[in-house]
Amino acid sequence: MTIKEVQDEIIRLKKEKDICILAHSYQAREILEIADFTGDSYALSKMAKTAPNKTVIMCGVRFMAETVKMLSPEKKVILSSPVAGCPMAEQLDKELILQMKEMYPDYTVVAYINTTAELKTVCDVCVTSSSAVQIVKQLESKNILFIPDCNLGAFVAKQVPEKNIKLVQGGCPVHAAVTRKHAEQAKALHPNAELLVHPECRPEVTELADYVGSTSGIMNYAIKSDKKEFIIGTENSIAEHLQYQCPDKKFYLLSKSLLCENMKSTTLVDVLNCCKGEGGEEIELSEETIKEACKCIDVMIALGG
Ligand code: 13P
Ligand code: SF4
């Protein structure tokens with residue numbers, strides 16, 4: 001079968017079976033083309049709530065599929081690639097957070113959405129990379145325990161100096177592998193380019209950037225900008241997608257190693273198999289987990305996140 005034939009069959013099956021396909025922007029182009037909604041994890045979590053379909057296929061990583069299930073427990077939610085985890089989401093466990101809460105009882109626990117549903121059950125509020133600054137600013141408590149990404153946490157702390165933000169040692173192994181040297185080399189090689197980076201990058205990298213934002217934030221910035229050249233400091237697929245969208249502009253990679261193997265584990269044929277009811281993994285969460293984990297998502301939504 002050609003790519004086009006597989007895509008046509010997916011489109012036919014999703015209509016026939018009332019399926020909604022969500023794809024994170026890090027997915028391959030042929031998957032984005034057949035998705036009903038694409039975007040960053042914030043946009044996808046909101047879409048999940050409004051999509052009218054009975055079944056949702058999440059082309060992304062496990063915590064994203066769990067978020068869809070939490071927000072729409074009545075829907076059948078399929079993770080297109082069962083091996084697609086996010087190492088950051090699994091770095092901390094519930095017991096450790098419970099111990100930290102005992103040690104710091106007057107701290108509000110802010111969880112990046114890149115956490116398991118289980119971990120969210122013991123957190124106070126959830127944030128995404130696009131809503132973190134805005135939400136932390138609005139919290140009543142001055143004392144914040146930010147988990148699990150110390151780079152995103154440090155970025156928020158810089159933007160919200162009035163808060164006392166405690167960080168834990170965790171983060172995205174893909175973005176955290178980029179160093180100041182990579183940024184300096186890329187800037188030297190492309191002196192006319194703006195550097196756009198994800199806040200999961202280290203502070204030594206974000207402080208050299210012209211723009212810091214979520215995957216959608218980076219894409220929107222580059223699309224709207226009058227500038228013609230950009231160095232992209234997030235998963236390399238974003239540079240590729242932008243190059244198709246803006247053929248008159250130039251997009252360079254900040255580092256060749258910015259590749260998320262988990263995000264890339266979904267293939268178009270995996271999506272086809274999920275539509276046939278043959279592949280993927282149905283996300284199952286207990287009623288209790290959904291009820292407790294949803295509390296911190298509800299606070300995020302109430303605060304405009
Ligand atoms: P976004 O919130 O920008 O989609 O980021 C999710 C992610 O996993 C980035 O590595
Ligand atoms: Fe997780 Fe990093 Fe991959 Fe994003 S890029 S899904 S944070 S491992």
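Computed from heavy atoms alone, side chains included, the values below leave out hydrogens, waters and symmetry copies. Remember, it's 1-based here, ligands and their atoms both numbered in the order they're listed.
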A.B. asks: Does the pair E16/R12 count as a salt bridge with the N-to-O cut at 4.0 Å?
C.D. replies: yes
A.B. asks: Check ligand 1 against D40 and write out every atom of the ligand that is under 4.0 Å from a heavy-atom position of the residue.
C.D. replies: 1 (P), 3 (O), 4 (O)
A.B. asks: I'd like to check N114 versus P148 (side-chain heavy atoms, cut-off strictly below 4.5 Å). Are they in contact?
C.D. replies: no
A.B. asks: Give me the ring orientation class for H198 and H175: parallel if the planes are under 30° apart, tilted from 30 to 60°, perpendicular past 60°.
C.D. replies: tilted
A.B. asks: Which ligand 1 atoms, with their elements, are less than 4.0 angstrom from a heavy-atom of S214?
C.D. replies: 3 (O)
A.B. asks: Could you give the distance from OG1 (T116) to CZ (F63), rounded to the nearest 0.5 Å?
C.D. replies: 11.0 Å
A.B. asks: What residue and atom, counting heavy atoms only, is the protein's closest point to atom 10 (O) of ligand 1, and at what distance?
C.D. replies: E200 OE1, 2.8 Å
A.B. asks: Who's the nearest protein heavy-atom neighbour of atom 8 (O) of ligand 1, and how far?
C.D. replies: N114 ND2, 3.1 Å
A.B. asks: Looking at ligand 1, does H175 have a heavy atom less than 4.0 Å from it?
C.D. replies: yes
A.B. asks: Would you say ligand 1 has an N or O under 3.5 Å from any N or O of S129?
C.D. replies: yes
A.B. asks: May I ask whether H24 places a heavy atom under 4.0 Å from ligand 1?
C.D. replies: yes
A.B. asks: Checking salt bridge (Lys or Arg N to Asp or Glu O under 4.0 Å) for the pair E9/K276: CA distance, chi angles, key distance, verdict?
C.D. replies: CA-CA 10 Å; E9 182 61 359; K276 287 181 181 165; over 6 Å; no
A.B. asks: For the CD atom of Q243 and the CD1 atom of I232, what is their distance to the nearest 0.5 Å?
C.D. replies: 9.5 Å
A.B. asks: Can you find a heavy atom in the side chain of M64 that is under 4.5 Å from one in the side chain of M263?
C.D. replies: yes
A.B. asks: Atom CD1 in I31, atom NE2 in H24: separation rounded to 0.5 Å?
C.D. replies: 13.0 Å
A.B. asks: Hey, what do you get for CG (L258) to CD (E235), rounding to the nearest 0.5 Å?
C.D. replies: 7.5 Å
A.B. asks: Is there side-chain contact between S130 and D40, with heavy atoms separated by less than 4.5 Å?
C.D. replies: yes
A.B. asks: Pairs of nitrogen or oxygen atoms closer than 3.5 Å, one from T128 and one from ligand 1: do any exist?
C.D. replies: no
A.B. asks: Can E162 and K137 be counted as an ion pair, charged N to O under 4.0 angstrom?
C.D. replies: no
A.B. asks: What do we get for E235 next to ligand 2 when only non-hydrogen atoms under 4.0 Å count, side chain, backbone, both or neither?
C.D. replies: neither
A.B. asks: Taking N or O atoms only and a 3.5 Å limit, does S41 qualify as a polar contact for ligand 1?
C.D. replies: yes
A.B. asks: Taking N or O atoms only and a 3.5 Å limit, does Y26 qualify as a polar contact for ligand 1?
C.D. replies: yes
A.B. asks: Identify which protein N/O/S atoms are less than 2.8 Å from atom 1 (Fe) of ligand 2.
C.D. replies: C86 SG
A.B. asks: Quick one, Y211 and S225 - any side-chain contact, counting heavy atoms below 4.5 Å?
C.D. replies: no
A.B. asks: Considering heavy atoms of the protein only, find what lies nearest to atom 5 (O) of ligand 1 and give residue, atom and distance to 0.1 Å.
C.D. replies: H198 NE2, 3.3 Å
